[in-house]
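Please read the structure below before turning to the comments.
Nothing here was measured: the structure is a model prediction, and the numbers come from that model.
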Amino acid sequence: MRKILAFLVLSVFALASIAAFDINDSWTINGTIDQHPEILIGFIPTYGEVTAGYTGLQLMEGNRTEIQVTAGGGYIERRFWINPDTGKEDPTMNPLSFDVIQTTWSLRFNQGFLDSPYGDKDLITLSIGYEGRYEVARDSMASDSTKQAWGDEVGVETIDEFFTHYNSAGNDFPDRLYPDLRGNHQYLGTNLFFNFFLDAMEDTLSTNDGFTVEFNVDWSPYALNAALDGKADFYQFTLEGVGAKTLYQYKTEKMSWFSVVIADRLRLNWLSGNLVPTYVQKLGSLGRQVRGYSNYTYGMEFYVVNNFDIRLTGPDMGVDGLALRINLFFDMGYGCGNYFNTTNPGSQFLASTGAQFTISIFDIIDLGYQAAYLIGDGRNFAKGDTRYSGSFTFFLDF
């Protein structure tokens, strides 16, 4: 029943996220999606988020003033491999796997400054806002069966079974490492943010030329994240730069037939605090940023990552906005500092190379398959001691 409900409700969100579009001169709509790996092996969206932006105000002549409201909801999975004896990750252990019913909302104010050299957009946008979420953690839908962990089939424990198993030693492992899963596993969160975005990029379905720079600050104080049993108290700083150049394009008056683009992203992240919740641990994990590795893994306070792409985009598929794309990539990253919610230091270098074979839809969704070869000592925890990692993908990473 949960699978059917998630599919029906969230397919509506998925349709809204196919493209960003203008309703009229003052309103725009766009969205994002996520998936659950147990529902049709992650091939359909099970989480959707829709953003409506009002641009009817204009505080500065020639620059965009926008108020955005976002609402989202869905059903997703999270998995963690943290050894209770060391407070560090152990890829060979039976991981904690659980599902989350997730509802999110936000209010954001954007103000543009100056004119970008590419297109009718602002060079600089400053944003401030508030994000909220309500989550209910549930036992994994696979808790009565087995899942792949380190290349083997293992039984999936319920949340309480996992916590009881490790609390038998009398430690505070679950509450300390998973602060949003305390008590009845419900969490009501509040996050305040500031964002600086510089956009000097010409971005089309087939070409990318220029660069962008983004700086983001997130703050979730304990006073605003302790209403329910689940708690949070953290801060995060992110700096990201992206550069791209179109090396070759063959086009006619009606369409682009083929293009070659190189793109590079450098990303630095510092995430720390007394109580870092599980959804933030995904965003701040090195494994999430280097393609081919497991989400929620290699989670330390600091990482620096470089992602390099060679994007080959073919002709459209008879419909404007649809095109075949092959994306060749090489990623490398380094993480260090304490593991989240512990005083245990660690460090790790990860690297990978591979390709994404996708259908690009309006240059927003890239639906297809990703094949990665892992370099160095790191591994994808879910796939075992192998250097090959494959998965379905919905988006290019940047």
Side-chain angles (χ1 to χ4, degrees), residues 1-14 16-17 30-36 38-39 45-52 67-80 96-109 128-141 143 158-160 162-163 174-193 216 218-236 271 273-285 288 295-296 340-341:
M1 181 64 185
R2 287 184 295 181
K3 294 182 180 181
I4 297 174
L5 181 61
F7 174 77
L8 293 177
V9 173
L10 294 162
S11 290
V12 176
F13 286 107
S17 62
N30 58 59
T32 59
I33 56 178
D34 202 349
Q35 65 264 41
H36 191 301
E38 293 297 320
I39 300 177
T46 60
Y47 172 86
E49 190 174 272
V50 176
T51 299
I67 299 173
Q68 290 182 334
V69 178
T70 298
Y75 196 79
I76 61 172
E77 180 193 63
R78 294 177 186 153
R79 299 186 80 189
F80 294 88
L96 168 62
S97 299
F98 61 96
D99 295 340
V100 179
I101 301 173
Q102 180 176 259
T103 304
T104 58
W105 58 92
S106 71
L107 178 64
R108 183 186 188 109
F109 175 78
I128 58 172
Y130 147 82
E131 296 173 338
R133 65 176 53 235
Y134 173 63
E135 296 186 349
V136 179
R138 305 287 297 273
D139 294 335
S140 170
M141 64 173 57
S143 60
T158 67
I159 298 174
D160 289 337
F162 183 88
F163 282 10
D175 284 352
R176 185 164 45 89
L177 298 181
Y178 307 113
D180 49 321
L181 296 185
R182 295 178 176 184
N184 61 2
H185 316 320
Q186 295 187 37
Y187 170 64
L188 180 63
T190 297
N191 179 52
L192 306 174
F193 67 86
N216 196 77
D218 292 290
W219 181 46
S220 289
Y222 182 82
L224 300 179
N225 289 272
L228 302 180
D229 288 349
K231 314 294 182 186
D233 183 12
F234 70 91
Y235 57 90
Q236 182 172 223
L271 169 59
N274 295 321
L275 302 167
V276 181
T278 57
Y279 83 93
V280 182
Q281 292 184 38
K282 173 184 179 179
L283 302 175
S285 68
R288 170 68 180 85
N295 290 333
Y296 306 100
F340 297 139
N341 300 322

Atom of [X], atom of [Y] and distance for their closest heavy-atom approach:
{"X": "Asn225", "Y": "Thr190", "value": "OD1-N, 2.8 Å"}
{"X": "Asn341", "Y": "Arg176", "value": "CB-O, 3.1 Å"}
{"X": "Tyr47", "Y": "Gln102", "value": "CE1-NE2, 3.1 Å"}
{"X": "Tyr296", "Y": "Phe80", "value": "CD2-CZ, 3.4 Å"}
{"X": "Asp139", "Y": "Ile159", "value": "OD1-N, 3.0 Å"}
{"X": "Asp180", "Y": "Pro277", "value": "OD1-CA, 3.5 Å"}

Any chance you could measure [X], atom [atom1], to [Y], atom [atom2], to the nearest 0.5 Å?
{"X": "Arg79", "Y": "Asp99", "atom1": "CZ", "atom2": "CG", "value": "11.0 Å"}
{"X": "Tyr279", "Y": "Arg78", "atom1": "OH", "atom2": "CZ", "value": "9.0 Å"}
{"X": "Leu192", "Y": "Tyr130", "atom1": "CG", "atom2": "OH", "value": "9.0 Å"}
{"X": "Glu77", "Y": "Phe98", "atom1": "CD", "atom2": "CZ", "value": "9.0 Å"}
{"X": "Ile67", "Y": "Leu107", "atom1": "CD1", "atom2": "CG", "value": "7.5 Å"}
{"X": "Asn191", "Y": "Gln236", "atom1": "CG", "atom2": "CD", "value": "8.5 Å"}

Step-by-step side-chain contact (heavy atoms from CB on, under 4.5 Å) determination, Ile101 to Arg138: CA-CA 7 Å; Ile101 301 173; Arg138 305 287 297 273; 3.4 Å; yes

Who passes ring-ring contact (aromatic ring centres under 6.0 Å, His included) against Tyr187, sequence neighbours left out? none

Tell me whether the rings of His185 and Phe163 are parallel (<30°), tilted (30 to 60°) or perpendicular (>60°). perpendicular

For the side chain of [X] and the backbone of [Y], is there at least one donor-acceptor N/O pair under 3.5 Å apart?
{"X": "Ser285", "Y": "Asn295", "answer": "no"}
{"X": "Gln281", "Y": "Leu177", "answer": "yes"}
{"X": "Ser97", "Y": "Ser140", "answer": "no"}

Listed pairs under 3.5 Å, donor-acceptor, residues 226-234 side chains, sequence neighbours left out:
unit_1 : atom_1 : unit_2 : atom_2 : d
Asp229 : OD2    : Asn184 : N      : 3.1
Lys231 : NZ     : Ala226 : O      : 3.2
Lys231 : NZ     : Leu228 : O      : 2.8

Taking atom CH2 of Trp219 as the centre, report whether more than 12 heavy atoms of other residues, nucleotides or ligands fall under 6.0 Å from it. no

Begin from the C-alpha positions of Leu96 and Leu181 and carry the test side-chain contact (heavy atoms from CB on, under 4.5 Å) through to its verdict. CA-CA 12 Å; Leu96 168 62; Leu181 296 185; 4.2 Å; yes

